[in-house]
Amino acid sequence: MRFFFIVFALAAMPAAAEDSLFCKFDRLCSTSGCEDAEYFLELRVDGDGAYFNDGDRIAQAETIPGKDGLSFLDVDENGNLSLTTVYQDLTAAHSAHGIGEEGPASVLRLGACRREHG
């Protein structure tokens, strides 16, 4: 049942496809300030669930539908968290929280996604 709601939520978002979102983030903000920085991310929903692919790894993601968008939550084996929210106009925010070389770290990336048939 949840899969059908996720597909419905994706279908309700404008643009072309139902199962893949390709996101490009141009702005990076952290505790040391903001800067221009590119980051790419694919979010995919299929019959097996939702997946998060940042080029370094592919992980299963929890989906959290909302009134104005769809969020993807990924927690890796070390407890590091990534949360990406794609809004109905396909703008997106991606945040990550974890332990870096100097202790706890958090970043926020802002950008947009496009949809494609998979």
Side-chain angles (χ1 to χ4, degrees):
M1 180 73 163
R2 184 176 177 108
F3 171 73
F4 292 112
F5 184 78
I6 293 164
V7 170
F8 176 76
L10 279 173
M13 299 174 92
E18 287 133 40
D19 60 3
S20 290
L21 293 164
F22 294 91
C23 304
K24 177 183 176 188
F25 299 92
D26 296 325
R27 195 81 178 137
L28 169 67
C29 298
S30 68
T31 55
S32 57
C34 295
E35 62 185 285
D36 293 335
E38 285 189 342
Y39 178 73
F40 298 92
L41 181 64
E42 176 189 4
L43 302 165
R44 182 171 47 99
V45 177
D46 64 22
D48 295 326
Y51 296 89
F52 172 101
N53 179 357
D54 66 2
D56 291 328
R57 69 185 185 91
I58 298 173
Q60 193 156 15
E62 177 76 21
T63 55
I64 306 164
K67 184 181 86 144
D68 295 323
L70 183 62
S71 295
F72 296 81
L73 175 66
D74 168 50
V75 180
D76 72 14
E77 64 278 355
N78 296 318
N80 298 315
L81 177 137
S82 295
L83 176 66
T84 304
T85 301
V86 181
Y87 299 95
Q88 288 187 19
D89 65 357
L90 298 179
T91 58
H94 173 80
S95 62
H97 307 259
I99 301 296
E101 293 176 8
E102 298 177 14
S106 178
V107 297
L108 171 66
R109 298 175 188 274
L110 302 171
C113 301
R114 74 181 195 286
R115 294 177 59 193
E116 290 187 4
H117 288 286

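The first residue of the sequence shown is numbered 1, and numbering continues consecutively from there.
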> In this structure, which one of N53, I58, L21 forms a side chain to side chain contact (heavy atoms under 4.5 Å, CB included) with E42?
Replying inline: N53
>> So, applying side chain to side chain contact (heavy atoms under 4.5 Å, CB included) with V86, which one of L41, L43, T91 is it?
In response: L43
>> Grouping I, L, V, M, F, W and Y whenever their side-chain heavy atoms are under 4.5 Å apart, do F25 and L90 come out in a common cluster?
In response: yes
> Can you tell if the side chain of R57 reaches within under 4.5 Å of the side chain of D74, non-hydrogen atoms only?
Replying inline: yes
>> Between H94 and S82, is the side chain to side chain contact (heavy atoms under 4.5 Å, CB included) condition met? List the steps.
In response: CA-CA 7 Å; H94 173 80; S82 295; 3.9 Å; yes
> Hey, what do you get for CZ (R44) to CD (Q60), rounding to the nearest 0.5 Å?
Replying inline: 10.0 Å
> Roughly how far apart are K67 NZ and Q88 CD, rounded to 0.5 Å?
Replying inline: 9.0 Å
> Any side-chain heavy-atom pair from E38 and D26 closer than 4.5 angstrom?
Replying inline: yes
> Do F72 and Y39 share a hydrophobic cluster, counting only Ile, Leu, Val, Met, Phe, Trp and Tyr and linking them when any side-chain heavy atoms are less than 4.5 Å apart?
Replying inline: yes
> Given a cutoff of under 4.5 Å between side-chain heavy atoms of I, L, V, M, F, W and Y, with clusters grown through shared members, what are the other residues clustered with L28?
Replying inline: V107
>> Rounded at 0.5 Å granularity, tell me how far CZ in R27 sits from CG in L110.
In response: 8.5 Å
>> If I take atom OG from residue S106 and atom CG from residue L81, how far apart are they, to the nearest 0.5 angstrom?
In response: 9.5 Å
> If we only count heavy atoms from C-beta on, is the F52 to T84 side-chain gap below 4.5 Å?
Replying inline: yes
>> According to disulfide bond (SG atoms under 2.5 Å apart), does anything in residues 50-81 pair up with another residue at least two apart or in another chain? List the pairs.
In response: none
> Taking only residues at least two apart or on different chains, which pairs with a member in residues 31-114 satisfy disulfide bond (SG atoms under 2.5 Å apart)?
Replying inline: C23-C113, C29-C34
>> Is there a path of hydrophobic side-chain contacts, each under 4.5 Å between heavy atoms, that joins V75 and I64?
In response: yes
> Less than 4.5 Å apart, any side-chain heavy atom of S71 and any of L83?
Replying inline: yes
